[in-house]
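Scroll down for the structure; my scribbles are underneath it.
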Amino acid sequence: MTAVTQPSPLPQTVTSLSRDDARRLALRAQGLLGAPDRRAGVRGVLRALGAVQLDTISVLARSHELVPYARLGAVGRPAVEAAYWTEPPAGTSAARPHSFEYWSHAACILPIEEWPHFAFRRRARRAKGHRWHVMQDSERSCAAVLERLRTDGPLTTSELGGGRNGGEWWDWSETKIAVEWLLDTGDVVCTRRRAWKRVYDLAERAVPDGLLHDDLDDVECLRRLVAQAGAAMGVATRADLADYHRLKAEQVDAVLADSGLVPVEVEGWGKPAWADPAALASAPRGRHRTTLLSPFDSLIWDRPRTERIFDFTHRLEAYVPRPKRIHGYFAMPLLAGGRLVGRVDPAREGTTLVARQVSLQNHKAVAPMAQALREAATWVGCDGVRVERCDDARLAAALRTELAAQD
């Protein structure tokens, strides 16, 4: 394992940005300002963001579907899945994957081209010896999983023999511990899901030959990931850069000077920041997207950054007891005019999208919320929208009137 070297001295700040400059740079970098690249589609979104977070919660749709929807509009949900996950050609066991699943910001879909750049994490996991669970007989259990995959082709945990011992969800079977450990260390890879279950395959079979290596040392891996995070955010603090792929501060420091990012000063941030030179080359212009955002969207997944850029505090309340929730189970922020101007906790009842709880910044947010609700309803196959609660009775009445007018 290659040691991370000490950081080089950073150059002097080259430019100053206003708050609005920083906000627009972030929006453009995230694909939410300007014309979307529809020809590149969902795969283009994935490459630009570098990581799309996965989560089990599904309200309107799962989060990894909501991310390209927010940028491209009503892309068909089957098309979104097909763009991420690659099924093998008929009669074969191996596919030509466009992506793989691994630990980045959290469990994420990553472009397959990034496989070599996560070698540092695979090495670190291997050096640690375990993640959450310890196997009773690691050598035998791992060998058995690898032999099954080698003989029978890609398999889910169920097909390998089952994921649990019969107890709680964390009471993993020896087979589940083994296959997840092999995923952590890179012997096994997940390049698709089936009915939300990971399909495991041998990395040597699934990852293209030109990418299947751990030749890059830790410094080069980290340099690439810091540069990619900077490009995906437009402008960022050190903490922002570290959070994007869940790196340590000292790892960022060690490669920042060689990342290609340039130091900038952002009004009101009070901390050093770095920007992608390509982002600074032209002023962000174009149409702002009006849409609902998944709480796991990379524009807002870092809550301190979200508050700093948008002056908007957001919290996922899915795991908060119902009586203590303020905005609802899966409150989705409303992006309109390049700002976060409200939020809604959605649900579906048959073919009706139900806005269980709505919060709006002011009257100007009414029309964008109605537009976003109507578009989301159409995308998920609903033909009606019903507003249940709003924290302002006058705005609730205005929202219902706007929705009726759209009908």
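This structure is a prediction, so every number in the text was calculated from the model and none was measured. Nothing fancy with the numbering, it's 1 onward along the sequence. Values below: every heavy atom of this structure, side chains too, minus hydrogens, waters and symmetry copies.
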Counting only heavy atoms from other residues, nucleotides and ligands, does the tally under 6.0 Å from [atom1] of [X] exceed 12?
{"X": "H213", "atom1": "NE2", "result": "yes"}
{"X": "R150", "atom1": "CZ", "result": "yes"}
{"X": "E139", "atom1": "CD", "result": "no"}
{"X": "D209", "atom1": "CG", "result": "no"}
{"X": "R246", "atom1": "CZ", "result": "yes"}
{"X": "D391", "atom1": "CG", "result": "yes"}

Roughly how far apart are [X] [atom1] and [Y] [atom2], rounded to 0.5 Å?
{"X": "D55", "Y": "L66", "atom1": "CG", "atom2": "CG", "result": "10.5 Å"}
{"X": "R122", "Y": "T185", "atom1": "CZ", "atom2": "OG1", "result": "9.0 Å"}
{"X": "C108", "Y": "W103", "atom1": "SG", "atom2": "CH2", "result": "9.0 Å"}
{"X": "H327", "Y": "R343", "atom1": "NE2", "atom2": "CZ", "result": "3.5 Å"}
{"X": "R121", "Y": "D214", "atom1": "CZ", "atom2": "CG", "result": "13.5 Å"}
{"X": "I112", "Y": "F100", "atom1": "CD1", "atom2": "CZ", "result": "6.0 Å"}

Side-chain ion pair, [X] and [Y], N-O less than 4.0 Å:
{"X": "E180", "Y": "R198", "value": "yes"}
{"X": "D20", "Y": "R339", "value": "yes"}
{"X": "E113", "Y": "R47", "value": "no"}
{"X": "D258", "Y": "R223", "value": "no"}

Between [X] and [Y], what is the shortest heavy-atom contact and its length?
{"X": "M233", "Y": "R305", "answer": "O-NH2, 3.1 Å"}
{"X": "P116", "Y": "C221", "answer": "O-SG, 3.6 Å"}
{"X": "R192", "Y": "P154", "answer": "NH2-CB, 4.0 Å"}
{"X": "L25", "Y": "P284", "answer": "CD2-CG, 3.8 Å"}
{"X": "P277", "Y": "L261", "answer": "CD-CA, 4.3 Å"}
{"X": "E402", "Y": "A370", "answer": "CG-CB, 3.4 Å"}

Check for a donor-acceptor pair, side chain of [X] on one end and backbone N or O of [Y] on the other, with a separation under 3.5 Å.
{"X": "H363", "Y": "L395", "answer": "no"}
{"X": "Q228", "Y": "L49", "answer": "yes"}
{"X": "E317", "Y": "G328", "answer": "yes"}
{"X": "R23", "Y": "F310", "answer": "no"}
{"X": "D240", "Y": "T237", "answer": "yes"}
{"X": "Y69", "Y": "L293", "answer": "no"}
{"X": "R71", "Y": "P36", "answer": "no"}
{"X": "E265", "Y": "A273", "answer": "no"}

Once the angle between the rings of [X] and [Y] is folded into 0 to 90°, is it parallel (under 30°), tilted (30 to 60°) or perpendicular (over 60°)?
{"X": "F312", "Y": "H314", "value": "parallel"}
{"X": "H64", "Y": "W196", "value": "parallel"}
{"X": "F118", "Y": "H245", "value": "perpendicular"}

**Q.** S18/E267 under side-chain hydrogen bond (donor to acceptor under 3.5 Å, both in side chains): CA gap, chis, key distance, verdict
**A.** CA-CA 5 Å; S18 69; E267 174 193 10; 4.7 Å; no
Taking the side chain as everything from C-beta on, heavy atoms only, tell me whether [X] gets closer than 4.5 Å to [Y].
{"X": "K197", "Y": "S158", "value": "yes"}
{"X": "E349", "Y": "R386", "value": "yes"}
{"X": "R308", "Y": "V266", "value": "no"}
{"X": "F330", "Y": "S294", "value": "yes"}
{"X": "L316", "Y": "R303", "value": "yes"}
{"X": "L149", "Y": "L182", "value": "no"}

Q. Between Q53 and S63, does a side-chain hydrogen bond (donor to acceptor under 3.5 Å, both in side chains) hold up when you go through it step by step?
A. CA-CA 7 Å; Q53 187 173 340; S63 186; over 6 Å; no
